[in-house]
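Heads up, the thing below is written out as C-alpha cells.
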Amino acid sequence: MADGLRSGNGSPGRLEPGRRDAEILRLAVPALGALVAEPLFLLADSAIVGRLGTLPLAGLGIAGAVLGTAVSVFVFLAYGTTAGVARRLGAGDRRGALAQGVDGVWLALGLGVLSAVLVGLLSGPVVDLLGVSAAARPFALTYLRWSLPGLPGMLVVLAATGVLRGLQDTRTPLVVAAAGAALNAGLNLLLVHGAGWGVAGSAIGTAATQLLMALALVAVVARGVRRAGARVRPHPLGVLRGARDGVPLLVRTVTLRVALLLTTFVAAAQGDAGIAAHQVASTVWTTAALALDALAIAAQALVGRGLGAGGVDEVRATVRQVVRWGVGAGAVLGALLVPASAPVAGLFAPDPATRAHLAAALVVLGLCLPLAGWVFVLDGVLIGAGDGRYLARAGLVTLACYAPFALGVLRLAPAGRSGLVWLWIGFAGVFTLARLLTLVRRERGGAWVVTGA
C-alpha cells in the first residue's frame with residue numbers, strides 16, 4: 001500500500017542533510033515519472049490518429065489544445081489540495097487532512113462537469129477561434145465532443161493526486177499514470193484501427209482511460225478515508241473554501257498561460273520558420289520543466305507538512321536544500337543542452353540560417369535553466385505554504401514586466417529568425433528573472449511562514 005496511507009501523521013523531526021535529500025528524492029523521482037507519463041497520452045493519440053491522415057491529426061491538435069487549456073487552468077486542484085492536506089498531516093490531524101482532500105475531490109468533480117458542459121456548448125466557436133481549417137474542423141469537433149465525458153475524470157485525477165502528494169505519497173500517482181498511459185495506447189489502437197471508429201475512437205479511448213484513472217485514485221483515497229474514520233460526503237463550506245482558496249492559484253496559472261500565449265503570438269509573427277523553430281525551443285523548455293516541476297512538487301509536500309508540524313527551522317533547512325537541488329538540476333540540464341544546441345537544431349531546421357538562430361535560442365534557454373530551477377522550486381515552496389495570494393500578485397507583476405519586452409521584440413526585431421533569439425532572451429531570461437526576484441523577496445521574508453493546521 002502507498003506510504004502516505006499507511007504511515008503515521010508524517011511529521012518529521014529535525015533531519016540530517018542526507019536524510020533530507022532522501023526525502024526530497026523519495027517524493028520528486030516518482031512525481032517526475034508521473035509527469036512524464038502525462039504527455040504520453042497525447043503522443044499516443046497523435047501517433048495512432050496520424051495514421052488516418054493529415055486532417056484528422058490537425059483536428060486532434062486543435063482539440064488537444066482546447067482540452068489542455070481547460071485542464072491546465074484548474075491545476076490548483078492538485079497544488080492547493082497538496083498544500084492543505086500536507087499541512088493538516090503535519091499538524092497530526094490525519095482525519096482532517098483526508099476530509100479536506102475529500103472536499104477537493106468533490107470540487108474537482110463539480111468543476112469537471114461544469115467545464116464539460118460549457119466546452120460542449122462552445123465547442124464550435126472555440127475551435128474556430130483557434131483558426132482551424134474548414135477541412136479539419138469536423139475532426140476537431142468530433143474529438144473534442146467525444147472527449148468531454150473524460151473531462152471530469154481529468155480534474156478528479158488532479159485533485160486525488162494532490163491528496164496523495166499531501167499524504168507524502170507520489171508513488172501511487174506514478175503507478176496509475178503509467179498504467180493509464182499503457183491502457184490509453186491499447187484502447188486507441190483497438191478503437192481507432194480495430195473497430196474503425198477513427199478520431200471518435202481515439203477520444204473515447206482517452207476519455208475512458210481518464211475516468212478509470214480517476215476511479216483508481218479515488219479508491220485509494222477512499223480506503224484511507226475509511227481507515228481514518230473521516231467523512232466521505234462533501235462538506236459545503238469545505239468545498240466553497242477550496243474554491244475560494246483556489247482563485248489566487250488560478251490567477252497565477254492564468255498569468256503563466258498568458259505569457260506562453262504571448263510568446264507564441266510573437267513567434268508566429270516571425271513567419272513560418274520562426275514559429276517552427278519556436279515550437280522546437282518550446283518543446284525543449286517544456287521537457288526540461290518536467291524535471292524541475294518534480295522538485296517543486298516535493299517542495300509543496302514537504303513545506304506544507306513541516307509548517308503544519310510547526311517545524312520552522314526544518315522548513316527553512318528544507319527550502320535551502322531543495323533550492324540547491326533545483327539550481328543543480330537546472331545547471332545539469334543546461335550543461336547538457338548548450339553543447340547539444342547545434343545538433344538539436346540540425347535535426348529540426350534544415351535551412352542553415354534558421355538552424356543557426358534556433359541553436360542560439362537553445363543556448364539562451366540552456367543558460368537560463370539554473371534560474372528556472374530556482375524559480376520552480378520557490379514557486380513550490382510558496383504553494384506548499386498556502387501563499388497563493390502573493391503568487392497571484394507576483395504573477396501579475398512579472399507578466400507586466402515581460403509583456404513590454406515581448407511586444408518590443410514584435411515591433412523592433414527584424415521579422416524572421418533573429419527575433420526568435422530576442423524572444424527567448426525575453427521569455428527564458430527576463431520573464432524568469434522577474435519571477436525569481438519576486439519569489440526570492442518573499443522567501444527571504446517571513447510572511448509565508450505560518451505554522452499549524
Side-chain angles (χ1 to χ4, degrees), residues 9-17 19-21 23-24 27-28 76 79-93 96-97 100 162 165-166 168 241 244-253 255-256 292-293 295-328 370-398 401 432-453:
N9 63 19
S11 302
R14 180 76 183 201
L15 299 178
E16 295 297 324
R19 287 194 59 197
R20 197 176 296 115
D21 285 336
E23 280 276 276
I24 293 169
L27 294 171
F76 71 85
Y79 290 171
T81 304
T82 296
V85 170
R87 182 179 283 271
R88 286 185 175 273
L89 183 74
D93 184 11
Q100 184 168 345
R165 288 173 180 170
Q168 315 298 294
R241 188 182 302 115
R244 180 201 65 192
D245 293 344
V247 171
L249 289 179
L250 174 62
V251 172
R252 162 203 168 271
T253 302
T255 62
L256 295 176
L292 304 178
D293 202 32
L295 290 166
I297 288 169
Q300 292 171 29
L302 292 174
V303 167
R305 185 184 69 178
L307 290 176
V312 175
D313 291 342
E314 175 58 27
V315 167
R316 289 286 192 182
T318 297
V319 171
R320 290 193 296 270
Q321 202 88 342
V322 77
V323 164
R324 293 190 192 102
W325 275 100
V327 174
L371 289 181
W374 198 349
V375 166
F376 275 58
V377 164
L378 288 185
D379 197 51
V381 167
L382 296 184
I383 289 174
D387 203 16
R389 292 183 180 180
Y390 179 81
L391 289 172
R393 296 195 300 271
L396 294 171
V397 169
T398 54
C401 292
T432 301
L433 182 60
R435 290 185 69 194
L436 178 63
L437 292 176
T438 60
L439 293 172
V440 167
R441 176 180 178 275
R442 187 66 164 183
E443 184 267 325
R444 295 292 165 85
W448 61 275
V449 185
V450 180
T451 59

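Taking CG from D245 and CZ from F76, the interatomic distance works out to 10.0 Å, rounded to the nearest 0.5 Å. Q300 contributes atom CD, which lies 11.5 Å from atom CG of L295 (distance to the nearest 0.5 angstrom). Considering CZ of R435 and CG of L371, their distance stands at 11.5 Å, rounded to 0.5 Å. Between atom CD1 of residue I297 and atom CZ of residue F376 there is a gap of 11.0 Å, rounded to the nearest 0.5 Å. The distance from the CD atom of Q321 to the CG atom of D21 is 4.0 Å, given to the nearest 0.5 Å. The structure places CZ of R324 at 9.0 Å from CD1 of I24, a figure rounded to the nearest 0.5 Å.
For the residue pair A83 and G384, the shortest heavy atom distance occurs at CB-O, 3.6 Å. The two residues W448 and R316 have their closest heavy-atom pair at CZ2-NH1, 3.5 Å. Minimum interatomic distance between G80 and L249 (heavy atoms only, all atoms of both residues): N-CD1, 3.9 Å. Across every non-hydrogen atom of L89 and A97, the tightest pair is N-CB, 3.9 Å. The shortest heavy-atom contact between A301 and A86 is O-CB, 3.5 Å.
Under the 4.5 Å side-chain criterion, counting only non-hydrogen atoms from C-beta, L302 is in contact with L27. For the pair W374/L439, no side-chain contact is recorded, criterion being any heavy-atom separation below 4.5 Å from C-beta on.
Without hydrogens or angle criteria, Y390 side chain to T438 main chain gives a donor-acceptor distance under 3.5 Å. For the pair E443 (side chain) and R441 (backbone), a donor-acceptor distance under 3.5 Å is absent. Judged by distance alone, with hydrogens and angles left aside, the side-chain atoms of R87 form a donor-acceptor pair with the main-chain N or O of A385 at under 3.5 Å.
Defined by atom type and a distance below 3.5 Å, a donor-acceptor pair is present between the side-chain atoms of Q100 and R88.
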For this session: Go through the steps to decide whether E23 and T318 satisfy the test side chain to side chain contact (heavy atoms under 4.5 Å, CB included), and finish with yes or no.
Result: CA-CA 10 Å; E23 280 276 276; T318 297; over 6 Å; no
Problem set entry | Residue pair L292, V377: steps toward the side chain to side chain contact (heavy atoms under 4.5 Å, CB included) verdict | CA-CA 7 Å; L292 304 178; V377 164; over 6 Å; no
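For the pairing with L391, the side-chain contact (heavy atoms from CB on, under 4.5 Å) check across T253, T255, D379 returns one residue only, D379.
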